[in-house]
J.: 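The structure's right below; bear with me while I get my questions together.
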Protein chains: 2
Amino acid sequence: MSITEKAKEILANSGYKVTNQRKRILEIILDNTHRHMSAEEIYEIVKDENLDVGLATVYRALELFEELNIIHKMNFGDGRSRYELKEEDHHHHHLVCTSCNEVFEVDEDLLDQLEEKVEKKYKFRITGHHLKFLGICENCHEQQRLGD
Amino acid sequence: MSITEKAKEILANSGYKVTNQRKRILEIILDNTHRHMSAEEIYEIVKDENLDVGLATVYRALELFEELNIIHKMNFGDGRSRYELKEEDHHHHHLVCTSCNEVFEVDEDLLDQLEEKVEKKYKFRITGHHLKFLGICENCHEQQRLGD
DNA sequence: CTCACTGCAAATGCTTTGCAAAATC
DNA sequence: GATTTTGCAAAGCATTTGCAGTGAG
């Protein structure tokens with residue numbers, strides 16, 4: 001079963017109604033996970049498709065999906081929340097370029113040992129984590145070099 | 001030289017004017033770093049001292065301190081920015097309790113090897129990082145146990 | 001049919017900004 | 001004294017909410 005189908009099944013089985021708006025919003029997130037979209041960006045897409053959807057509905061749908069553990073709200077410091085699909089057993093990290101503000105993904109999780117250490121030492125039951133590296137991406141670094 | 005004096009020196013040497021408001025706001029941050037204060041919280045303190053300071057000034061001072069690399073703006077998901085002193089060579093992480101929303105500090109940095117690995121593999125020059133663990137703190141865990 | 005869901009517009013909460021008065025250098 | 005900086009109030013954004021109408025089950 002594809003991620004898309006799985007997510008829709010979660011929605012259908014949640015007891016909440018499966019509306020066209022929710023279906024479309026979920027699809028957009030699923031199709032653009034790597035883009036870490038904001039509510040406004042998702043809204044722009046549905047609006048361009050001439051669907052009758054309000055921005056408030058987008059926010060309400062995102063809130064619902066988060067509650068159902070389908071998506072995940074993030075903050076990259078640009079003043080708005082961004083969302084991505086929450087894939088079980090697929091933890092990854094983010095590289096945020098402080099020059100062009102692009103966000104790249106590190107497609108592996110290397111924190112297991114660290115978590116264990118922290119859990120023991122601080123008596124804190126860890127259920128998740130966010131690791132964000134700040135720095136300069138290859139592109140920007142290249143351009144800085146050429147600019148010299 | 002204490003951190004406080006150092007920070008004040010940075011301010012004095014920055015070319016910006018050393019006003020009473022800036023001095024007091026900086027002091028409050030320095031005295032309460034572990035509390036990760038918000039602009040509003042800082043404002044409440046100066047207001048209680050009957051100092052004639054506006055909330056806008058607090059925001060402007062925080063913006064300035066961030067620019068001078070004295071403090072660091074953070075987001076713990078509660079809808080407001082929080083600030084802490086930026087101490088060189090003193091990287092640490094945060095434990096955010098998803099039950100009581102308290103933020104604890106992990107007073108060590110264990111990401112060096114990881115950073116090196118990521119820099120090479122992703123050709124990304126890392127200048128900083130944020131690591132936040134989500135979970136349940138000892139207190140909340142204890143209370144849940146007692147509640148059974 | 002019923003109740004959850006929606007769009008709209010108004011409200012909220014954090015943060016920023018315009019401006020005349022005040023303070024620093 | 002000239003130029004920053006400030007307080008206040010108003011404006012600016014992202015997000016939330018109230019409400020009457022709409023639609024899924």
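Letters go in sequence order (proteins before strands), and every chain restarts at 1.
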J.: Answer yes when A/Glu108 and B/Lys121 have at least one side-chain N-carboxylate O distance shorter than 4.0 Å, and no when they do not.
T.: yes
J.: May I ask you to say whether B/Glu63 pairs ionically with B/Arg60, meaning some side-chain N is under 4.0 Å from a carboxylate O?
T.: no
J.: If you measure from the Lys or Arg side-chain nitrogens to the Asp or Glu carboxylate oxygens, is any gap between A/Glu49 and A/Arg24 under 4.0 Å?
T.: yes
J.: Within less than 4.0 Å of OP1 or OP2 of D/dT15, is there a side-chain N or O belonging to A/Tyr59?
T.: yes
J.: So that I can tick it off, tell me whether A/Arg35 and A/Glu84 are bridged by a salt bridge, with the cut-off set at under 4.0 angstrom between side-chain N and carboxylate O.
T.: no
J.: Taking the six-membered ring for Trp, are B/His129 and A/His130 closer than 6.0 Å centroid to centroid?
T.: no
J.: Looking for any heavy atom pair under 4.0 Å, which part of the strands does A/Gln21 touch: base, sugar-phosphate only, or nothing?
T.: sugar-phosphate
J.: To the nearest Å, how far apart are B/Asp52 CG and D/dA9 P?
T.: 12 Å
J.: Rounding to an integer number of Å, can you tell me how far B/Asn75 CG sits from C/dC14 C1'?
T.: 12 Å
J.: To the nearest Å, give me how far apart CG (B/Leu51) and C1' (C/dA23) are.
T.: 15 Å
J.: Nearest whole Å is fine: how far is D/dT5 C1' from B/Phe65 CZ?
T.: 13 Å
J.: In this structure, how many angstroms lie between the P atom of C/dT15 and the CG atom of B/Leu62, rounded?
T.: 9 Å
J.: Can the ring centres of A/His92 and A/His94 be said to be less than 6.0 Å apart?
T.: yes
J.: Judged by each residue's nearest nucleotide on DNA chain C, which is more toward the 5′ side, A/Arg22 or B/Arg82?
T.: A/Arg22
J.: To the nearest angstrom, how far is B/Asp78 atom CG from D/dA14 atom C1'?
T.: 15 Å
J.: Give one of base, sugar-phosphate or nothing for A/Arg60, where a contact means two heavy atoms less than 4.0 Å apart.
T.: base
J.: Quick one: are A/Arg22 and A/Tyr16 in side-chain contact, heavy atoms under 4.5 Å?
T.: yes
J.: Where along residues 35-46 of chain B does a heavy atom fall under 4.0 Å from DNA chain D?
T.: none
J.: For B/Glu105 and B/His36, test the side chains for any donor-to-acceptor distance below 3.5 angstrom and give the result as yes or no.
T.: yes
J.: For residues B/Val103 and B/Leu95, determine if any side-chain heavy atom of one lies less than 4.5 Å from a side-chain heavy atom of the other.
T.: no
J.: What is the distance from CG of A/Leu55 to C1' of D/dT17, rounded to the nearest Å?
T.: 13 Å
J.: How does protein contact run along nucleotides 20-25 of chain D, one letter per nucleotide 5' to 3', with B for base contact, S for sugar-phosphate only, - for none, heavy atoms under 4.0 Å?
T.: ---BBS
J.: Could you give the OH-to-C1' distance, from B/Tyr83 to C/dT15, as a whole number of Å?
T.: 8 Å
